[in-house]
2 protein chains.
Amino acid sequence: MPSHSPSDPDASLQAPDHRDESHELDLGQFLPYRLNSLADRISQALSRIYGERFGITIAEWRVLAWLSHREELTAKQIGEHTRMDKAKVSRAIQSLEGRTLIRRTQSSQDQRVHYLHLTREGEEMLGELIPQAHAWEAELVTTLSSGEYRDLLNTMGKLERQLARLEG
Amino acid sequence: MPSHSPSDPDASLQAPDHRDESHELDLGQFLPYRLNSLADRISQALSRIYGERFGITIAEWRVLAWLSHREELTAKQIGEHTRMDKAKVSRAIQSLEGRTLIRRTQSSQDQRVHYLHLTREGEEMLGELIPQAHAWEAELVTTLSSGEYRDLLNTMGKLERQLARLEG
DNA sequence: GGCAACTAGTTTCACTTGAAACTATATAGA
DNA sequence: TCTATATAGTTTCAAGTGAAACTAGTTGCC
């Protein structure tokens, strides 16, 4: 098993010529596919926790998670953070409000906007859910050294920035 | 911006105690979320190539890609490789067959199974599409050194194996 | 003030999805 | 051989989806 090589230090090797540009495609070696299928599997596994144990969907979970560390968010802001379209956010909010996990208060400056807050009930649920999510993540990454973990996040950050550049 | 640190060498640091187990959740630091949103963005960007330029869906693209380097696949095998459920595979195949990008031949040993093949037309499309997909991927990863790229795939492999272990 | 353009959030509609039921075929066992 | 069970692939159905239309409220400008 190839080890976490130190890799020719910090940069200057440009295009990763890891493979020549053939007219065949090995999806197993194609980063977008690999990433997508890994992320999918992780999402599905994790959604067993919040889906089965807590009865919430991915969208709802994302809304709650954002509210857990920033109160006073609006639907729009949540949409921006989570990159979910506004219809999806709206529906998640309706469902969470129906289950009294969150509450909405209308802004007095702008009648169109509603601030979202966790209710006590919502906080209690998150108090159980979040440690379980962290524990699951910890199990997932136990086989990584902390260096590998850090490098992974780092590399993902680079890809995100490059993506923004390509999109921009 | 933290650089690609060499990280305490090869291993033995067990649980990445990168963060304590709090009752708040910063989605931006939560690996499943980060991975998922990165993969999503990449998928969407890439699907602009095969969607807009070639008029095929992700599912169709996956079927074609697998056929590009292994002829004689059945619907079931494609489902296993791509982790798509059989209904989705079936629909992708119907659509591709309708556009004469693939052809199906019934197995003589087992009347239930159909082998899938690319048609000349399908091969021609892939001959254009695959280099564009590779080129796009190359642009995405240009900011990574080849070491970082290798480490990324490596780490993803570890996560995949750990996931398989957790799933039992 | 009044009109046009804009924005937050909701609803509608046509399409996609996955789970389950179904069809047709194959295999194993009594 | 007959019956039960399994499998490949398709279809159905109910639920979920995003794009676009819509509602209600706001801002800019004359």
Side-chain angles (χ1 to χ4, degrees), chain A residues 36-37 39-41 43-48 50-52 55-63 66-67 70 72-99 102-117, chain B residues 36-37 39-41 43-48 50-52 55-63 66-67 70 72-99 102-117:
Chain A
N36 209 66
S37 94
D40 245 40
R41 282 174 72 184
S43 268
Q44 264 183 268
L46 187 57
S47 80
R48 246 164 262 144
Y50 50 75
E52 289 171 16
I56 57 176
T57 65
I58 293 187
E60 288 163 11
W61 155 244
R62 286 181 182 167
V63 172
W66 275 102
L67 288 177
R70 279 191 222 165
E72 293 282 299
L73 283 168
T74 66
K76 193 194 177 203
Q77 290 173 314
I78 290 194
E80 283 161 359
H81 288 311
T82 60
R83 308 187 135 251
M84 300 193 290
D85 68 283
K86 58 191 187 164
K88 202 169 187 175
V89 174
S90 172
R91 292 189 267 244
I93 287 170
Q94 277 173 65
S95 161
L96 290 171
E97 200 183 15
R99 295 174 60 192
I102 64 173
R103 206 168 15 87
R104 303 192 310 163
T105 57
Q106 204 170 32
S107 161
S108 49
Q109 289 97 58
D110 186 339
Q111 308 295 124
R112 293 168 307 177
V113 343
H114 299 265
Y115 295 114
L116 304 170
H117 322 265
Chain B
N36 209 66
S37 93
D40 246 40
R41 283 174 72 185
S43 267
Q44 264 183 268
L46 187 57
S47 80
R48 247 163 262 144
Y50 49 74
E52 290 171 15
I56 58 176
T57 66
I58 294 188
E60 288 163 13
W61 155 244
R62 285 180 182 167
V63 171
W66 275 103
L67 288 177
R70 279 192 220 165
E72 293 282 298
L73 283 169
T74 66
K76 193 194 177 199
Q77 290 173 313
I78 290 194
E80 283 160 0
H81 288 312
T82 60
R83 306 188 137 252
M84 301 192 289
D85 68 282
K86 58 192 185 160
K88 201 168 188 177
V89 174
S90 172
R91 291 189 267 245
I93 286 171
Q94 275 173 67
S95 160
L96 290 171
E97 200 183 15
R99 294 173 61 192
I102 65 174
R103 206 167 16 88
R104 304 192 308 163
T105 58
Q106 203 171 34
S107 160
S108 51
Q109 288 97 59
D110 185 337
Q111 309 295 123
R112 295 169 305 179
V113 342
H114 298 264
Y115 295 113
L116 305 171
H117 322 265

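These numbers come from a predicted model, not from an experiment. What's counted below: heavy atoms across the whole structure, side chains too, no hydrogens, waters or symmetry copies.
In this structure, the side chain of A/Gln106 engages the main chain of A/Gln111 through a donor-acceptor pair within 3.5 Å. Judged purely by atom type and a 3.5 angstrom limit, A/Ser90 has no side-chain atom pairing as donor or acceptor with the backbone of A/Lys86. Between the B/Ser47 side chain and the B/Gln44 main chain, a donor and an acceptor come within less than 3.5 Å of each other.
In the region residues 88-97 of chain A, proximity to DNA chain D at under 4.0 angstrom, judged on heavy atoms, holds for A/Lys88, A/Arg91.
Protein chain A touches strand DNA chain D; the 5'-most and 3'-most nucleotides with an atom under 4.0 angstrom of its non-hydrogen atoms are D/dT17 to D/dT26.
Whole-Å rounding puts the B/Lys86 NZ to C/dG18 C1' distance at 12 Å. C/dT17 atom P lies 14 Å from atom CD of A/Gln44, rounded to whole Å. When rounded to the nearest whole Å, the span between CZ of A/Arg112 and C1' of C/dC6 equals 8 Å.
Mapping A/Ala59 and A/Asp110 onto DNA chain D by nearest heavy atom places A/Ala59 closer to the 5' end of the strand.
Using a 4.0 Å heavy-atom distance criterion, A/Gln106 is classed as making no nucleic acid contact. Counting non-hydrogen atoms under 4.0 angstrom, B/Ala87 reaches a base of the nucleic acid. When heavy atoms are screened at a 4.0 angstrom cut-off, A/Thr57 is found touching no nucleic acid atom at all. Residue-level contact check: B/Gln77 touches neither bases nor backbone, having no heavy atom under 4.0 Å from any strand.
Taking both residues in full, the closest heavy atoms of A/Ser95 and A/Glu60 are given as OG-OE2, 2.7 Å, listed atom of the first, atom of the second, then distance. Considering all non-hydrogen atoms of both residues, B/Ala39 and A/Asn36 come closest at O-OD1, 3.4 Å. The nearest pair of heavy atoms linking A/Leu67 to A/Leu116 is CD2-O, 3.6 Å.
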Please lay out, stage by stage, how B/Thr105 and B/His117 fare under the test side-chain hydrogen bond (donor to acceptor under 3.5 Å, both in side chains).
CA-CA 8 Å; B/Thr105 58; B/His117 322 265; 2.8 Å; yes

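Within the model, atoms NE2 of A/His81 and CG of A/Leu73 stand 5.5 Å from one another, a figure rounded to the nearest 0.5 Å.
Under a 4.0 Å N-O distance rule, the pair A/Arg103/A/Glu97 does not qualify as a salt bridge.
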